[in-house]
Amino acid sequence: MAIVSARGLSKSYWVADKQPGFAGTMRHFLRRRSKELAAVRQVSFSIEPGEVVGFLGPNGAGKTTTLKMLTGLIHPTAGSLQVAGHLPSRRQRAFLESITLVMGQKQQLIWDLPPLDSLRVNAAIYGIDDYEARRRIAELAEMLELEDELTRPVRKLSLGQRMKAELLAALLHRPQLLFLDEPTLGLDVNAQARVRAFLADYNRRTGATVLLTSHYMADITALCDRVLLIHEGRLFYDGRLELLSERLAPWRQVRVELASPQPAAAFANFGEIESLEGSELRLLIPRQQLTASVSRLLAEHQVVDLEVSDPPIEELIGRLFRQGSLEEPGP
Amino acid sequence: MNYRYWLRLATRLWSSEYAHMLEYRAEVILWALSGVLPLIMLGVWSAATDGQGAGLEMNQPQLARYFLSAFVVRQFTVVWVVWQFEQDCLDGRLSPYLLQPLHPLWRYLASHLAEQATRLPFVILLVSVFFGFQPQAFLMPQPGRLLLAVLAIGLGFAIHFLLQSLVASLCFWTERASALERLLSIPLLFVSGLVAPLDAFPPGARQLALHTPFPWIIGFPAQLLSGAEVDIGAGFAAVAVWIALLLPLLLLTWRLGVRRYSAMGA
């Protein structure tokens, strides 16, 4: 039985509509105008227990709004929703005990106190006895490599340590369903990797279901077998990641710093030239030709530095939507 | 949930908030100092009545006791929930609170009680200094009267907390509820008994004031604490009526407001 079931989920907001400048300000003061903004439109999907699902989409696509509806923070305008056997908007105790939502840098930890103080409060809120709370904190702190930081004021922790402490606080009550909104946003590469490894380990150990949004393709590829792709509030893709990856990024981005400026023609047969400014070259090379092309590049040109990366997911998705490669889902 | 759950939760919430307040003890003392209006009013009324308290039906020691009591009551009935809630609402901190199986208002309540505990030593010090300068005003209340005064202060705080939480919950609609709080702060200043004992009001104005919640926040507990003559039964009955009115109204407003919550900033 699905742990998350959404059918025809929609959410609209009324937002103020103000023109810029003094005249716009006066008009807005005398006669307020607002317009309806559809943030999520007729979204349907279901998630089975234990799945790790990536929620992708450009900024403003409706990802966070959907997460907020799934957690009961906001009420849907239309559609039906069942999460962990509950109607989220009723926010019953049993439901709240079975879920958690981690929203990037939005903290539930008390800023001026060490994380342990907030964790003790959380343990009391969820009715976890002291022995069990200590055991869980020790276990999670070990998994997150966070033992030494728990007695330091939150404001003295680095961004990565703070994020891990937030995760610890969010998982203390052992939720069966994790909603993670940009859990690695702003973290350096090492901290991102540690958070990813922790989430994968947590899912393996506890069998918890995870739905996460991220702008980093690496988060999605490391954790998710299945992805939901949303754009302008509509669900465009629901399926396996490999199939989407091939469609989204059949090529890799290669940044090359040359020893001296070269003409563009010298790189025409390596891949698509994205940009060439002085000795800074950016190429898009098909995945299957990557190794051969990079080897040739290094052999034929004087290269000072070279970096291979996935283009930002937002750019990939934007490009795809501009090309119109994804068809809208059928009725 | 049994009483042990709530006792442990209350202790944990309070102690973490107390630790938080101690981080800001200098600020708390400054806030406490900013509440000396009743002591300033004592100076004003003493000068205006030529040190006799004439026209207020009080002699000078009674006048001093009343305003000192009003100062003490004010220290323990200060409420700032509307600003805290508005801030949490706007910057998204309310969302994690709403996702825990605990009404967010309990957190704010614990925060206020912790702040009161932080103020307590400072208030004791200030009262001692006051009696050093005005020994003729010294009065040790009877234990029973003192207990009733403490109860009245607690209930006065409850009325103020409920009133301001009610305004705070309008954040779900207006986003800027602190502007509406001005509707509370002005009558609280003028008809609560902070600037003058209610007995000094013209009869019509006094009757009008007694039909608002404000005198029960400051004036009534201050009269009890200062040893003044007061109708204790009627006073506590009025307090009970206000709490019985405000509590369900707050819960209803909250329930309706949460439906409109858009989790902005989160």
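Bear in mind the structure is a predicted one, so any value in this text is a computation, not a measurement. Order of the sequence lines sets the chain letters (A, B, ...), proteins ahead of strands, with each chain counted from 1.
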* Asked: Which region of A/L116, side chain (C-beta onward) or backbone (N, CA, C, O), has a non-hydrogen atom less than 4.5 Å from a non-hydrogen atom of chain B, or is it both or neither?
  -> neither

* Toward chain A: residues of residues 152-164 of chain B with heavy atoms under 4.5 Å -> none

* Structure fact -> Between A/L73 and B/Y261, the two heavy atoms sitting closest are O-CD2, 3.5 Å

* Atom CD1 of A/I125 and atom OH of B/Y97: how far apart are they, to the nearest 0.5 Å? -> 9.5 Å

* Do A/Y126 and B/Q100 touch side chain to side chain, with heavy atoms closer than 4.5 Å? -> yes

* Asked: Where does A/R120 contact chain B at under 4.5 Å (heavy atoms): side chain, backbone, both or neither?
  -> both

* Structure fact -> If one checks every heavy atom of A/L109 against chain B at 4.5 Å, the contacting part turns out to be backbone

* Just checking heavy atoms, which of residues 120-128 of chain B are less than 4.5 Å from chain A? -> none

* Asked: Are the charged groups of B/R8 and A/D130 less than 4.0 angstrom apart, N to O?
  -> yes

* Which value, rounded to the nearest 0.5 Å, describes the distance between A/K68 atom NZ and B/L99 atom CG? -> 11.0 Å

* Side chain from CB out, backbone as N, CA, C, O: work out which of these in B/R107 comes under 4.5 Å of a heavy atom of chain A, or both, or neither. => side chain

* Asked: Could you give the distance from CZ (A/R91) to NE2 (B/H103), rounded to the nearest 0.5 Å?
  -> 8.0 Å

* **Rounded distance (nearest 0.5 Å) linking atom NE2 of B/H20 with atom OG of A/S118** => 9.0 Å

* Select one option (side chain, backbone, both, neither) describing which atoms of A/Y13 are under 4.5 Å from chain B's heavy atoms. => side chain

* **From B/L98 atom CG to A/I74 atom CD1, the distance as rounded to the nearest 0.5 Å** => 12.0 Å

* **More than 12 heavy atoms from other groups under 6.0 Å of CH2 on B/W106** => no

* OG on B/S16 to CG on A/N122, rounded to 0.5 Å -> 9.5 Å

* Structure fact -> The interface call for A/T71 against chain B, heavy-atom contacts under 4.5 Å, is both

* Structure fact -> Note: B/P101 and A/R93 closest approach over all heavy atoms is O-NH1, 3.0 Å

* Asked: What closest approach, in Å, do B/R93 and A/Q108 show between heavy atoms, and which atom pair accounts for it?
  -> NH2-O, 4.5 Å

